[in-house]
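These figures come from a predicted structure and were not determined experimentally.
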Amino acid sequence: RVKRAYGLAIHRLEEFQKALYSLGDEFLSRLEKNPDLLGIVLFGRTYNAFNDFANKGIPQKFASRGIPVIPYDMFRYQDESVGDHMYWEAGKKILKAARMVKSHDQLFGTYITNFVCAPDSMIVPQFRELMDTKPTLTLELDGHTADAGINTRIEAALDIIRNYRKISHTIQ
């Protein structure tokens with residue numbers, strides 16, 4: 001019974017991951033159909049970045065401005081490489097997805113972290129280095145983070161991203 005239950009659990013997990021990838025493919029297809037559209041990819045530890053309470057509603061804040069948002073784990077980034085400098089599996093996944101986002105003209109990363117998160121203190125600098133000159137937004141949150149401050153940072157990041165895209169398109 002245990003082996004059967006384990007097999008069923010693995011099957012369900014694989015089916016769920018296929019559904020996530022399908023949503024990621026749809027997201028990329030939507031961007032491809034509209035070259036003027038930009039998308040925000042959420043990065044971070046799952047319990048910070050993907051929890052509505054912990055992330056202070058950041059995905060909704062982008063969406064309310066007409067910017068589509070998707071978590072990084074909905075993309076097929078497994079073939080990307082990050083070298084041997086990352087030891088945590090979650091960190092490897094984040095950096096692989098970041099490499100994919102860096103190479104896509106319409107995708108921009110937002111990294112959500114919390115104060116004194118030890119793993120993120122190692123991952124965030126590598127994330128930023130990997131992104132090089134491509135703009136990203138890092139939001140370090142805690143229980144005292146004000147909603148107005150988050151909104152201001154999002155607006156500033158969107159201005160920077162739009163200017164970056166204008167400059168990038170002018171150079172090409």
Side-chain angles (χ1 to χ4, degrees), residues 10 12-32 37-63 65 67-143 145 149-150 153-154 156-158 160-161 164-165 168:
I10 293 296
R12 293 251 170 98
L13 179 63
E14 290 169 349
E15 291 299 312
F16 178 71
Q17 189 61 63
K18 285 180 189 175
L20 291 180
Y21 290 156
S22 178
L23 291 171
D25 293 343
E26 288 174 29
F27 188 88
L28 292 173
S29 176
R30 183 173 162 203
L31 292 179
E32 192 176 294
L37 189 63
L38 65 95
I40 297 295
V41 179
L42 276 187
F43 288 92
R45 321 253 322 143
T46 55
Y47 51 82
N48 291 335
F50 307 152
N51 177 290
D52 289 340
F53 177 76
N55 71 22
K56 308 279 188 180
I58 289 165
Q60 293 80 2
K61 292 176 188 314
F62 279 108
R65 291 165 171 83
I67 308 296
V69 180
I70 190 166
Y72 76 89
D73 60 356
M74 290 186 168
F75 292 119
R76 302 172 195 270
Y77 55 77
Q78 292 73 15
D79 292 337
E80 299 289 341
S81 65
V82 292
D84 297 331
H85 57 276
M86 177 51 60
Y87 304 102
W88 295 300
E89 187 61 28
K92 287 179 183 178
K93 290 176 180 179
I94 288 168
L95 295 177
K96 286 181 175 190
R99 187 171 298 284
M100 188 212 82
V101 167
K102 183 180 188 305
S103 68
H104 195 290
D105 292 340
Q106 293 170 265
L107 295 177
F108 294 86
T110 292
Y111 199 113
I112 299 172
T113 184
N114 294 99
F115 287 102
V116 300
C117 179
D120 281 352
S121 70
M122 306 269 303
I123 299 168
V124 170
Q126 291 182 44
F127 173 82
R128 289 179 180 157
E129 182 179 328
L130 189 150
M131 288 298 188
D132 195 31
T133 60
K134 188 168 191 175
T136 63
L137 173 61
T138 302
L139 294 167
E140 193 170 25
L141 309 174
D142 70 6
T145 302
I150 294 171
R153 301 266 320 272
I154 288 172
L158 290 174
I160 290 167
I161 289 168
Y164 173 85
R165 291 190 77 210
S168 297

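Under the rule for a side-chain hydrogen bond (donor to acceptor under 3.5 Å, both in side chains), the partners of Tyr111 that lie at least two apart in sequence or sit in another chain are Asp120. Among residues two or more places apart in sequence or in another chain, the salt bridge (charged side-chain N to carboxylate O under 4.0 Å, His left out) test is passed with Lys102 by none. Here Arg76 pairs with Asp25 under the salt bridge (charged side-chain N to carboxylate O under 4.0 Å, His left out) rule; sequence neighbours left out. Residues that satisfy the salt bridge (charged side-chain N to carboxylate O under 4.0 Å, His left out) test with Arg99, not counting sequence neighbours, are absent from this structure. By the side chain to side chain contact (heavy atoms under 4.5 Å, CB included) test, Lys93 is found to be paired with Tyr72, Tyr77, Glu89, residues two or more places apart in sequence or in another chain being considered. Judged as a side-chain hydrogen bond (donor to acceptor under 3.5 Å, both in side chains), and not counting sequence neighbours, Glu14 has no contacts. Applying the side chain to side chain contact (heavy atoms under 4.5 Å, CB included) rule to Asp52 yields the partners Asn55, Gln60; only residues at least two apart in sequence or on another chain are considered. Asp73 meets the side-chain hydrogen bond (donor to acceptor under 3.5 Å, both in side chains) test with no other residue; sequence neighbours excluded. Checked against side-chain hydrogen bond (donor to acceptor under 3.5 Å, both in side chains), Tyr47 has the following partners two or more places apart in sequence or in another chain: Arg45. Every side chain to side chain contact (heavy atoms under 4.5 Å, CB included) that Pro68 has, sequence neighbours left out, goes to Phe27, Arg30, Leu37. Under the side chain to side chain contact (heavy atoms under 4.5 Å, CB included) criterion, Gln17 pairs with Leu20, Tyr21, sequence neighbours left out.
Taken from CD1 in Ile58 to CG in Leu139, the straight-line distance is 4.5 Å, to the nearest 0.5 Å. Atom CD1 of Ile40 and atom CG of Leu137 lie 7.5 Å apart (nearest 0.5 Å). Atoms CZ and CD1, from Phe62 and Ile70 in turn, are 14.5 Å apart once rounded to the nearest 0.5 Å. Distance check, rounded to the nearest 0.5 Å: CG of Leu23 to CD of Glu26 gives 5.5 Å.
Closest of all the heavy-atom pairs between Phe53 and Asn51 is N-OD1, 2.8 Å. Asp105 approaches Arg165 most closely through the heavy-atom pair O-NE, 3.8 Å. Of all heavy-atom pairs between Lys134 and Val101, the closest is NZ-O, 2.8 Å. Nearest heavy-atom pair, Gly44 versus Ala49, reported as atom, atom and distance to 0.1 Å: CA-CB, 3.8 Å. Across Pro59 and Leu42, no two heavy atoms sit closer than the pair CG-CD1, 3.4 Å. The shortest non-hydrogen separation linking Lys96 to Gln78 is NZ-O, 3.4 Å.
Under the 4.0 Å criterion applied to side-chain N and carboxylate O atoms, Arg12 and Glu15 are not assigned as salt-bridge partners.
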Walk me through whether Glu32 and Gln106 qualify under side chain to side chain contact (heavy atoms under 4.5 Å, CB included).
CA-CA 9 Å; Glu32 192 176 294; Gln106 293 170 265; 5.6 Å; no
Candidate pair Leu28 and Leu107, rule side chain to side chain contact (heavy atoms under 4.5 Å, CB included), full reasoning
CA-CA 9 Å; Leu28 292 173; Leu107 295 177; 3.8 Å; yes
Give the table of side-chain donor-acceptor pairs shorter than 3.5 Å for residues 124-132, with sequence neighbours excluded, one pair per line with atom names and distance.
{"unit_1": "Gln126", "atom_1": "OE1", "unit_2": "His85", "atom_2": "NE2", "d": "3.2"}
{"unit_1": "Gln126", "atom_1": "NE2", "unit_2": "Met122", "atom_2": "O", "d": "3.4"}
{"unit_1": "Arg128", "atom_1": "NE", "unit_2": "Thr138", "atom_2": "OG1", "d": "3.4"}
{"unit_1": "Arg128", "atom_1": "NH2", "unit_2": "Thr138", "atom_2": "OG1", "d": "3.3"}

